[in-house]
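A quick note: this is a predicted structure, and the numbers were derived from the prediction, not measured.
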Amino acid sequence: MSGRLFTAPSREKWIINETAMHLLGFENAADAVGQQLSQGEQVGEIVGVVKDFHHESLKTAIAPILFFCSTVFNYYTVKIETNQVSNTLQEVQSAYMEMFTGSPYEYFFLDEFFNRQYKAEQQFNTLFRLFSGLAIFIACLGLFGLSAYAATQRAKEIGIRKVLGASVKIW
């Protein structure tokens with residue numbers, strides 16, 4: 001990371017990722033820090049540049065991102081130990097209800113959220129394996145049928161050769 005983090009909530013101070021930095025035409029992060037940008041009617045200063053990271057599926061390209069610090073929060077992130085999840089969730093809920101009375105308390109686990117992103121790929125993988133196995137099975141049936149037909153033809157040939165006095169040779 002180049003620059004600094006947010007010091008106070010402000011919609012006029014921005015942190016961008018490296019993709020946004022290159023899209024805006026800056027060669028390196030040091031050139032971008034301190035520059036003024038406008039997004040619509042909002043004008044702000046770039047105070048930092050962070051490395052690119054995937055926040056969506058790995059199949060999608062990394063998009064340019066602009067971060068700003070606000071007093072309005074949509075989500076709070078809490079890291080908890082896995083040994084007593086239910087007790088910890090109850091404590092978090094009671095603390096949330098104290099601080100934000102009247103606001104609904106909803107939560108989700110981040111690993112489940114990411115698993116939902118890859119559910120389609122997992123279903124495709126399962127379907128691909130099923131049809132690959134079916135194709136291999138059909139190919140094996142064809143190979144077995146061809147070898148059985150060849151053996152039947154050879155049995156007639158060997159029978160005729162024996163009748164004519166030839167010895168049996170294994171090729």
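The distance from the CD atom of Glu18 to the NZ atom of Lys51 is 5.0 Å, given to the nearest 0.5 Å. Note that CZ of Arg161 is 4.5 Å distant from CD of Glu157, once rounded to the nearest 0.5 Å. Taking CG from Leu143 and CD1 from Ile138, the interatomic distance works out to 14.0 Å, rounded to the nearest 0.5 Å. Between the OH atom in Tyr96 and the OG1 atom in Thr101 there is a gap of 10.0 Å [rounded to 0.5 Å].
Here the side chains of Ile80 and Phe109 are in contact, with some heavy-atom distance below 4.5 Å. The shortest side-chain heavy-atom distance between Ile46 and Phe26 falls under the 4.5 Å cut-off. Between Val50 and Phe67 the shortest side-chain heavy-atom distance falls below 4.5 Å. In this structure, Thr126 and Phe124 have side chains that are not in contact, with every pair of non-hydrogen atoms separated by 4.5 Å or more. Here the side chains of Glu91 and Gln84 are not in contact, with every heavy-atom distance at 4.5 Å or above. In this structure, the side chains of Thr7 and Val47 stay at 4.5 Å or more apart for every pair of heavy atoms. Contact check for Arg129 versus Asn125: side-chain heavy atoms found under the 4.5 Å cut-off. Between Tyr76 and Met99, the closest side-chain pair of non-hydrogen atoms is not below 4.5 Å.
Sorted pairs that involve residues 26-35 and meet side chain to side chain donor-acceptor pair (under 3.5 Å), not counting sequence neighbours, are lacking altogether. Legend: salt bridge (charged side-chain N to carboxylate O under 4.0 Å, His left out) pairs involving residues 58-82, not counting sequence neighbours, sorted by first then second residue: Lys59-Glu121.
Between Lys13 and Phe6 the shortest heavy-atom distance is O-CE2, 3.2 Å. Considering all non-hydrogen atoms of both residues, Ser2 and Ala30 come closest at OG-N, 4.1 Å.
At most 12 non-hydrogen atoms from other residues, nucleotides or ligands lie less than 6.0 angstrom from CZ of Phe137. Atom OH of Tyr107 sits in a sparse spot, with 12 or fewer heavy atoms from other residues, nucleotides or ligands closer than 6.0 Å. Atom OH of Tyr149 is surrounded by 12 or fewer heavy atoms from other residues, nucleotides or ligands within 6.0 Å.
Here Gln117 pairs with nothing under the side chain to side chain donor-acceptor pair (under 3.5 Å) rule; sequence neighbours left out. In this structure, the side chain to side chain donor-acceptor pair (under 3.5 Å) partners of Ser10, at least two apart in sequence or on a different chain, are Glu12. For Asp52, the side chain to side chain donor-acceptor pair (under 3.5 Å) partners two or more places apart in sequence, or in a different chain, are Asn17, Thr19. For Leu146, there are no side-chain contact (heavy atoms from CB on, under 4.5 Å) partners two or more places apart in sequence or in a different chain.
Hydrophobic clustering places Phe114 together with Phe108 (ILVMFWY residues linked when any side-chain heavy atoms are closer than 4.5 Å, directly or through intermediates). No continuous path of ILVMFWY side-chain contacts below 4.5 Å connects Leu66 to Leu23, so the two sit in separate hydrophobic clusters. Note on Phe53: it clusters hydrophobically with Leu5, by side-chain heavy-atom contacts below 4.5 Å among ILVMFWY residues. Cluster membership check: Val33 does not share its hydrophobic cluster with Ile15, using side-chain heavy-atom separations under 4.5 Å among Ile, Leu, Val, Met, Phe, Trp and Tyr. One hydrophobic cluster holds both Leu37 and Met21 under the rule that ILVMFWY side chains link at heavy-atom gaps under 4.5 Å.
Remark: Glu112 does not engage Arg116 in a salt bridge, criterion side-chain N to carboxylate O under 4.0 Å.
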**Request:** Could you walk me through whether Val78 and Thr88 pass side chain to side chain contact (heavy atoms under 4.5 Å, CB included), step by step?
**Result:** CA-CA 10 Å; Val78 178; Thr88 306; 5.7 Å; no
